[in-house]
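Reading through the structure tokens given below for one structure.
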Amino acid sequence: MNIINKKSIALSLAAVSLLSASAQESSTGYFMENYNMKWQMNPAMGNRNNYVGFPGLGNLNVGVNGNISATDIVYPLDGKTVLFTNPGIETDKVLGNLHDTNRLSQSLGLNVLQGGFKAFGGYNNIAINVRENVSFALPKSIFSLLKQGIGNETYDIKDLRAKAAAYAEIALNHSRDIKWVPGLRAGVSLKFLLPVAFAEANFDELQLELGENNWKARANANLRIGMDGLKYETKVNDRTGARYVSGVNTDDMKYGVNGFGFAFDLGATYQWSDFVFSLAFTDLGVLSFSKVQEASTNGTKSFETENHVIGIGDHGDSWDALVDDLSPLYELKDNGTVSSSMAVQGKMRAGVDYKFPFYDKLHFGLLNTTNLSSIFPSTEFRLSANVEPVKGVAASISGAAGTYGVNYGFLLSLGNKGFNFLIGMDYAAFKMDKNSIPLSTNFDVHMGINFPF
């Protein structure tokens, strides 16, 4: 069954880009009491109680992050909503809203089973999770080409990238106080990863010089899709005789493990007077996919012509010849099955927590989170106020500034022994003031149901 053609690839990438999301454990809750998921951000952080998670809902994280928003792509015009390519939208207005590199990132974290308990001289967590990540890097030049069309311009569209992966995770965590260093606590998590699906598209080079009487173009691109049983479909160009990838056949596709991976987390906290300092590195590891279908230009392909002049209404041999000459730039060759590896999206977190001296149930925290992804690096500073007036009722509010602009969040945890419910957001605002920060769309939800005992 052919599920991809040249037009649907472009439309699908555009649609998925606009819906991209980025989720993680709640950074707002990093310093909050009675939040059982802190160990996933810093493996040195234990919990006050043993607990088990509600199957499938012990910890759910989903959201949207990026430095480009839907309002950068669609605009109001004469009472209608139109794409940025509409001639009625000024080019300077469109390009002025965009960044040199427009970043979009999506991930989903879903807990299947989890539990925590005190034993072995410290605190322990066991979890089975499902994770999915998608990242895009879209240079401004691609929007310029789409907006301006084929004119007498030079376009250097490089580092256009997309990457996605879905996998299951089995995590084992242990943390304990280091008795010979008073105030120090350390923890480690080992994660066994079971890859399910993988996709990666890279334009390492795409240069277009579209002169009035001379066109030059260079392209170097590759596409990899990994899922058991998936195969590319190919066709032969009738005019050139070249065989190229025309779609994907999913008739024999299987949903199962397609490789192996591992990762680990390292973390520590240190208490000094009314301060607690913390540092953690999480998701340091690699995913290895055993069955990946590769399609590529197989190096840089070039095109140059002074002979093709396409006039209005010219749909004959000149146009067909031009399309054939350009075909090596976009017709990918099927390289068969290969193995492929990718780094897990690691993070570094550094924080300091200060207990308010006049009311010890109130404390303030400052956290820096840096995403170590090569395709979508980002950093954020988040200041939070955390309070637990009575056991079983804890709340946190936070404000953040970083790659995604300025935003705010909250987290509420209700229940202590027997039942606990939490809900919150790290990014509660869709749109910020363009006069002060880059316009960005950010939204996420964190929730969980657990049973402490």
Side-chain angles (χ1 to χ4, degrees), residues 19-43 45 47 51-66 105-116 125 127-134 169 171 173 189 265 278 280 282-283 345 347 349 351 353 365 367-369 371 378 380-388 392-400 402 404 406-416 419-430 440-452:
L19 296 174
S20 295
S22 180
Q24 58 188 4
E25 283 66 42
S26 174
S27 294
T28 301
Y30 184 85
F31 301 104
M32 192 180 79
E33 298 290 343
N34 208 26
Y35 179 41
N36 293 330
M37 302 301 112
K38 291 190 290 185
W39 68 274
Q40 296 196 16
M41 294 181 284
N42 187 326
M45 294 182 172
N47 296 314
Y51 76 97
V52 293
F54 190 95
L57 291 177
N59 186 29
L60 173 64
N61 307 285
V62 63
V64 176
N65 293 131
S105 181
Q106 182 271 335
S107 67
L108 168 71
L110 173 65
N111 172 252
V112 180
L113 294 171
Q114 71 172 348
N125 291 279
I128 300 175
N129 303 311
V130 174
R131 298 192 179 274
E132 173 265 341
N133 300 285
V134 179
E169 171 189 275
N173 165 259
S189 297
D265 305 341
S278 61
T282 60
D283 290 324
Q345 292 189 13
K347 292 184 175 67
R349 294 180 176 90
D353 186 25
L367 175 67
N368 171 250
T369 302
N371 189 332
S378 63
E380 173 191 89
F381 288 89
R382 184 175 294 268
L383 180 65
S384 63
N386 311 271
V387 64
E388 187 182 23
V393 178
S396 177
I397 58 173
S398 68
Y404 304 131
V406 176
N407 221 300
Y408 61 92
F410 74 93
L411 189 66
L412 177 65
S413 176
L414 300 174
N416 189 28
F419 178 82
N420 175 263
F421 172 75
L422 65 93
I423 188 165
M425 297 178 175
D426 281 343
Y427 303 98
F430 281 108
S440 62
T441 294
N442 297 285
F443 177 77
D444 65 357
V445 174
H446 306 274
M447 67 169 294
I449 299 175
N450 294 276
F451 304 100

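What you see below is based on every heavy atom in this structure, not just the backbone, and it leaves out hydrogens, waters and symmetry mates.
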Quick one: does any side-chain atom of [X] pair with a main-chain N or O of [Y] as donor and acceptor, under 3.5 Å?
{"X": "D283", "Y": "D265", "result": "no"}
{"X": "N371", "Y": "Q345", "result": "no"}
{"X": "N407", "Y": "Y427", "result": "no"}

remark   = Here the gap from I397 atom CD1 to Y408 atom OH, rounded to the nearest 0.5 Å, amounts to 11.5 Å

query = Rounded to the nearest 0.5 Å, what separation is found between the CG atom of N42 and the CZ atom of F31?
reply = 9.5 Å

inquiry  = If you apply the rule side chain to side chain contact (heavy atoms under 4.5 Å, CB included), what do you find for F421 with L57, and how did you get there?
reply    = CA-CA 10 Å; F421 172 75; L57 291 177; over 6 Å; no

inquiry  = Under a plain distance cut-off of 3.5 Å, with no hydrogens placed, do R349 and T282 share a side-chain donor-acceptor pair?
reply    =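 Side chains of T282 and R349: pair found under 3.5 Å.
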
message = Would Q40 and Q114 count as a side chain to side chain contact (heavy atoms under 4.5 Å, CB included) here? Give the steps.
response = CA-CA 12 Å; Q40 296 196 16; Q114 71 172 348; 4.0 Å; yes

Side-chain heavy-atom pair S278, Y30 within 4.5 angstrom cut-off =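 A side-chain contact under 4.5 Å exists here.
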
task = Would you indicate whether the side-chain heavy atoms of M425 and V445 approach each other to under 4.5 Å?
result =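 Contact flag for V445/M425 side chains = yes.
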
inquiry  = If we check side chain to side chain donor-acceptor pair (under 3.5 Å) with Y51, which of these qualifies: N450, N125, N420?
reply    = N125

query = So among D426, D444, N61, which one has a side chain to side chain donor-acceptor pair (under 3.5 Å) with S26?
reply = D426

